Amino acid sequence: MSLTGGVFPVFIFTFVHMTTGDYPFRNVSLPWDTRVDNLVSLLTLEELQSQMAFGGHGPAVSPAPPIPRLGVGPYSWNTECMRGDIDAGPATSFPQALGLAASFSPDLVERVARATGLEVRAKYNNYTKHGLYGDHRGLSCFSPVINIMRDPRWGRNQETYGEDPILSGILATSYVHGLQGNDTRYILTNAGCKHFDVHGGPENIPVSRFSFDAQNHFKMTLTCGVFPVFIFTFVHLTTGDYPFRNVSLPWDTRVDNLVSLLTLEELQSQMAFGGHGPAVSPAPPIPRLGVGPYSWNTECMRGDINAGPATSFPQALGLAASFSPDLLERVARATGLEVRAKYNNYTKHGLYGDHRGLSCFSPVINIMRDPRWGRNQETYGEDPILSGILATSYVHGLQGNDTRYILTNAGCKHFDVHGGPENIPVSRFAFNAQVSDRDWQTTFLPAFKACVNAGTYSLMCSYNSINGVPACANKKLLTDILRDDWGFTGYVVSDEGALEHMITDHHYVADNITAAAEAIDAGCNLEVSRNNVQGVFTYIVQGVESGQIPEDKVRERAKPLFYTRMRLGEFDPPSMNPYTDLDLSIIQSPDHQALALEAAMKSFVLLKNRNSFLPLKKSVFNRVSIVGPLSNNITSLYGDHYPTINETLTVSPLQGLSPLGDLVVSIDGCSDARCVHYDPSKIKTVVDGADIVFVCLGTDNQIESEGHDRTDIELPGQQLQLLQDAVAFSNGAPVVLLLFNAGPLNITWADESPAVVAILECFYPAQATGTALYRVLTNYDGVSSPAARLPATWPLLASQVRGPTPIIWVDTLIPDMVNYSMAGRTYRYLEGQTLYPFGYGLSYTTFTYSDLKTPPTVNPGQDLLLQVTVNNTGLYSADEVTQVYITWVNYPVPTLNLQLVAVSRTALTSGQAVTLNLMVPSQFLAVYTDSGWETLPGTIRIYVGGQQPGQQRSVGSNVLSADVIIA
């Protein structure tokens, strides 16, 4: 077994649905033999082998593994009970067996055995309660030793009852009775007399016991009366079984039945243990109902994160740059398949806990409203509609397309009005986002509504307060908007420790019971707390008893949790679930590795390409220089929150670009991305004489990540100086700047420098970085042109961003981080030009748009259908990202400057023209008024092209427009 001896939660009940007749082996009215015969008849040959082969000794061979499909748990066979519970932690130690025999007292021997058996059983109860199995943790004793003391020199004489077989038999009988107890139905432990037979030395002199052949024989006079037994750690299920296991009943009926059977204490344990840490994850089993443990907190943002081997796709912001809903759905599907395969393996081996379940805390769909926010990399950018479109695809990918079962369940986060700060200038744990109703409705809610409409099973409430009320206790958010207005029926899970922060940081309530009452009443179903902290939801029972929390409300909040687990297939026969057979062979499969490479290539945004320098016109250069702190730093290529790094499969820029040179020389120049310590002389040595120079700059998790905001958007440390030195020392050789970051960087100098011939924004591409770079830079196979677009605006100057220090900037275009007004933020509200606008990205080819066709009018509630022809007029085959924007012309209410309403990524060969049929959903035509969302009569202007209209920077294509009247 690859995974044994670890933690096996008490009952491995990720098990088969039991029909109304159940299995005969669970029918307590049947004879023991009938039940055993039935059970054994149900086992496969492989399962029989695993039960017979793993009796111990050591974690590789103990315990015997569970059989989840039958609800059979793991079992530890080898326990030593000769004169106390041996090698198993604290236990009373009685005299050695030979000394006990010297008492000549069968009564004493039986009482010692009974005391030993009681301690073994008590410790077994505790072990199984905590899911601990393995050597010396079971109930099957390898005791007593009743070999005859036939030679005074034998090393194991002390373990025997002496030289007389009759006395040995009498004392063995007493010891067996003591160990096994006196209950008429169940045994306390089971005895195991040894060593059978003709065994009494030698150990090692003159020969080894392992090869010794006893030519004479002797026999036990009295049998032990041992009960060889298969330990069934199972709940008694009546022959009628429970309705919640009846697959013919509606889901809600089954959920209602299951929740009705739970005690208040059981409900509390299910709602309080969403993770994070072994003290609060998994949610514990409910053995009496055959409900197994469940692990809630799995991260699936771009691969199975922090859960062992998994394919690592580009960070979310890079995926968003692809402007490809199809790509995101395929990445999510691959992620979901790997999560499910690993879950199957974990449960097979009885492993539960953080990052071992099927419930994803993904995707992150907060709005990238400030370029300095540390978690920008996890988002889909600054546009709520694009975020909603991509979130819809990701949810569909994670949850699969089976009509009955979901592959995994999605969980969109962080709900809501959450987009910084992390730590500058204040902590996220105490931050109160003050937001207008208009900004809330038009910027911060739309992506989450799209996520709900996509069918997500979960949302995560955020750390911050919204206008003075913590998000996880905000009834307007979690009930009025989410459930009443949007019709959401899933569960809301708290961010880690968010309920505790209501007390300690927001000072919204004073105690745990009140916090639990507020959160449950608002609409929170599940708590994620910090490890070894008594979470808020562990006070649910006290809250009900004190009258602060209605019990019926608790039961209602628990229902979506079990509905989710049912739709994941936990309570149905595995044979019904198409995902049951997924195994670890899918992890990092060739298809998934190819997808990771494709995703990385499709995420690169070409920001500058002076005189069409790229694609590279030569396949091999004499001397290639690759410099910068991101050139060969594997960890920095992943960004924050990533699957376990496989260094064998990860290709750095240095590794990926090395085939470009007969001689490749490289130096980091700085020890890390902070670039505090920099030696220009090393750059000079490496760059001098190069035919081409690649400079790899950017940020890493020390600079921007969860918990780490930036104070500004400058290149960190001395990175700008490194770039300038590389240009100066290159003696006219072309310099290509490769950026690995999330939030915008001030690269104005590089943009304006003629020596920097190309700039490629790479985000955090993860495992396929180097290979993807090589293919894009060389236009590998003629089909690798970059086509991605920026999912967020890059400010023109650093002075547009206020720092935390009291500097008076000439231009204060972007407000302070804590200011949640959208005025001056994102392309939708921004006035003036930018360094690189939202939706910007160059290609190796050019495109022309023509023949835009729109209806003259649309009615309220009617989708807007349009048609346009796009032609690849350049030399290279490439993808084109078509963007559709609208403005509202002379409307009587405030409207956005511009709004993206549709995207399409299309592959076109050189000279090819295609006609695209695009749809603008009717809800995107509405405006927000004092009465809420309304589709008002008037004129909207449609723009269709490869970028925003009215931009000074061109992506090499035109933008068409047309007016449509809303009747």
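Hydrogens, waters and symmetry mates are skipped; everything else that's a heavy atom, side chains included, is used. Worth saying up front: this structure is predicted, and the values here are computed from it rather than measured.
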List the residues meeting side chain to side chain contact (heavy atoms under 4.5 Å, CB included) with [X], not counting sequence neighbours, and say none if there are none.
X      : answer
Ala772 : Leu597, Ala600, Met601, Phe604
Asn701 : Gln377, Asp640, Tyr642, Ser705
Gln724 : Leu720, Gln721, Trp749
Ala902 : Val884

Spell out, as yes or no, whether a donor-acceptor pair under 3.5 Å connects the side chain of [X] to the backbone of [Y].
X      : Y      : result
Gln315 : Ala766 : no
Ser462 : His418 : no
Asn464 : Val417 : yes
Arg369 : Met817 : yes
Lys413 : Phe361 : yes
Ser631 : Val627 : no
Tyr840 : Leu607 : yes

Quick one: side chain to side chain donor-acceptor pair (under 3.5 Å) partners of [X], sequence neighbours excluded?
X      : value
His501 : Asp505, Arg530
Ser465 : His506
Ser458 : none

Any chance the rings of Tyr463 and Phe429 have centres within less than 6.0 Å? yes

Can we call the ring centroids of Tyr827 and Phe838 under 6.0 Å apart? yes

Listed by chain and number, what are the disulfide (SG to SG under 2.5 Å) partners of Cys670, not counting sequence neighbours? Cys675

Which residues pass the disulfide (SG to SG under 2.5 Å) test with Cys696, not counting sequence neighbours? none

Look up atom [atom1] in [X] and atom [atom2] in [Y], then write down how far apart they are to the nearest 0.5 Å.
X      : Y      : atom1 : atom2 : result
Leu835 : Leu790 : CG    : CG    : 9.0 Å
Asn897 : Thr887 : CG    : OG1   : 9.5 Å
Trp440 : Gln434 : CH2   : CD    : 13.0 Å
Leu606 : Leu760 : CG    : CG    : 6.0 Å

Charged N-O contact under 4.0 Å between Glu706 and Arg428: yes

Asp879 with Arg905: basic N within carboxylate O range, under 4.0 Å: yes

Residues two or more places apart in sequence or in another chain: which of them pass salt bridge (charged side-chain N to carboxylate O under 4.0 Å, His left out) with [X]?
X      : value
Asp672 : Arg674
Asp679 : none
Asp751 : Arg953

Side chains of Ser843 and Ser785: is there a donor and an acceptor less than 3.5 Å apart? yes

For the residue pair Tyr844 / Asn609, report whether a side-chain donor-acceptor contact shorter than 3.5 Å exists. no

Matching residue for Asp304 among Thr311, Thr298, Thr644 - test: side-chain contact (heavy atoms from CB on, under 4.5 Å): Thr298

Check the orientation of His276 and His355. Use parallel for under 30°, tilted for 30 to 60°, and perpendicular for over 60°. perpendicular

Taking atom NZ as the centre, does Lys449 end up with more than 12 heavy-atom neighbours from other residues, nucleotides or ligands that are less than 6.0 angstrom away? no

